[in-house]
**Q** 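Sharing a structure here in structure tokens format.
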Amino acid sequence: MAGIELRSPSFGDHQPIPARHAKDHDNLSPALEWAGVPQEAVELAVLCEDPDAPGGSFTHWVLAALQPTVTGLAEGEHPAAAVEGRNDFGEEGYGGPLPPVGHGPHRYVFWVFAASAPLGLMAGASADDLRRALAGKELASGTLVGTYQR
């Protein structure tokens, strides 16, 4: 499977995420930029999860129905045509890092996925809904990891 290069002007790979992106600060989604989307892609999706959460992986962002020609998202951007999924805070859209105080650094894994066919997700879709929709349609993906602690 091909790889998409995913980066952020907000933080480096495996580097701390600035506080303005945290849930208890400005709660702005970080700017993301990507390259290497296969020409045959018809839809892009973004996912962010914290695999270090005490109760298991915690979803912070599900975003689907992005046009394959899009090459990134600005800080805090909510694309009009995109589908905002539900995070594990019970809200639609981005919910920034909020690890337990004193728990040490958590990793926040951002993914961008390229799909060969429409995913058909609706507002409020979960990370599991996204994974099921991608099954057999995933052309390429890229990851970026940021860290955050309180």
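Just so we're clear, the structure is a prediction, and the values are computed from it rather than from any experiment.
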**Q** Between the main-chain N or O of W111 and the side-chain N or O of T143, is there a donor-acceptor pair closer than 3.5 Å?
**A** no
**Q** Going through the distances and angles, do F110 and F11 end up as a side chain to side chain contact (heavy atoms under 4.5 Å, CB included)?
**A** CA-CA 12 Å; F110 291 81; F11 62 93; 3.7 Å; yes
**Q** Measure the CG-CG distance between L73 and L63 for me, rounded to the nearest 0.5 Å.
**A**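 L73 CG to L63 CG: 6.0 Å, rounded to 0.5 Å.
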**Q** Can you see which heavy atom on P118 is nearest to which on E43, and at what distance?
**A** CA-OE1, 3.4 Å
**Q** Show, in sequence, the C-alpha distance, side-chain angles and deciding distance for V112 and L32, and conclude whether the side chain to side chain contact (heavy atoms under 4.5 Å, CB included) test is met.
**A** CA-CA 9 Å; V112 63; L32 298 175; over 6 Å; no
**Q** Taking all non-hydrogen atoms of both residues, which atom of L119 and which atom of A133 are closest, and how far apart?
**A** CD2-O, 3.4 Å
**Q** Taking all non-hydrogen atoms of both residues, which atom of R150 and which atom of V101 are closest, and how far apart?
**A** NH2-CG2, 3.5 Å
**Q** Compile the donor-acceptor pairs under 3.5 Å between side chains in residues 75-84 and protein atoms, sequence neighbours left out, one pair per line.
**A**
| from | atom 1 | to | atom 2 | distance (Å) |
| --- | --- | --- | --- | --- |
| E75 | OE1 | R20 | NE | 2.7 |
| E75 | OE1 | R20 | NH2 | 3.4 |
| E77 | OE1 | A74 | N | 2.7 |
| H78 | ND1 | E84 | OE2 | 3.0 |
| H78 | NE2 | G76 | O | 3.4 |

**Q** Shortest non-hydrogen contact from V37 to I4?
**A**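 So the two residues come closest at CG2-CD1, 4.1 Å.
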**Q** Among the clusters formed by ILVMFWY side chains lying less than 4.5 Å apart, do L47 and W61 turn up in the same one?
**A**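 Shared cluster, no.
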**Q** Check the hydrophobic clustering (I, L, V, M, F, W, Y; side-chain heavy atoms under 4.5 Å; chains of links allowed) and say if L134 and L66 are grouped together.
**A** no
**Q** Any sub-3.5 Å donor-acceptor pair from Y94's side-chain atoms to H21's backbone N or O?
**A**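 Here the side-chain-to-backbone pair exists.
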**Q** Donor-acceptor pair, T59 side chain versus N87 backbone, under 3.5 Å?
**A**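 No; judged by distance alone, with no hydrogens or angles, the pair does not exist.
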**Q** Evaluate the criterion side chain to side chain contact (heavy atoms under 4.5 Å, CB included) for residue pair S126 and R86; output intermediate values, then yes/no.
**A** CA-CA 5 Å; S126 70; R86 185 166 301 283; 5.8 Å; no
**Q** For I17 and Y148, which heavy atoms make the closest approach, and how far apart are they?
**A** O-CD1, 3.3 Å
**Q** What about L144 and V109, same hydrophobic cluster or not, with Ile/Leu/Val/Met/Phe/Trp/Tyr joined at side-chain heavy-atom distances under 4.5 Å?
**A** no
**Q** Tell me whether the rings of Y108 and H106 are parallel (<30°), tilted (30 to 60°) or perpendicular (>60°).
**A**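 Parallel.
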**Q** Could you list the residues that satisfy salt bridge (Lys or Arg N to Asp or Glu O under 4.0 Å) with R131, not counting sequence neighbours?
**A** E49, D128
**Q** Which atoms form the tightest heavy-atom contact between G136 and S116, and what is the distance?
**A** O-OG, 4.4 Å
**Q** Same hydrophobic cluster for F113 and V145, using side-chain heavy-atom links shorter than 4.5 Å among ILVMFWY?
**A**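 Looking at the clustering, V145 is in the same group as F113.
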**Q** State the NE2-OG1 distance between H14 and T147, to the nearest 0.5 angstrom.
**A**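 These two atoms lie 9.0 Å from each other.
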**Q** Given the rule that I, L, V, M, F, W and Y join up when any side-chain heavy atoms are under 4.5 Å apart, are V42 and L130 in one cluster?
**A** no
**Q** Supply the atom-to-atom distance S8 OG to D13 CG, rounded to the nearest 0.5 angstrom.
**A** 10.5 Å
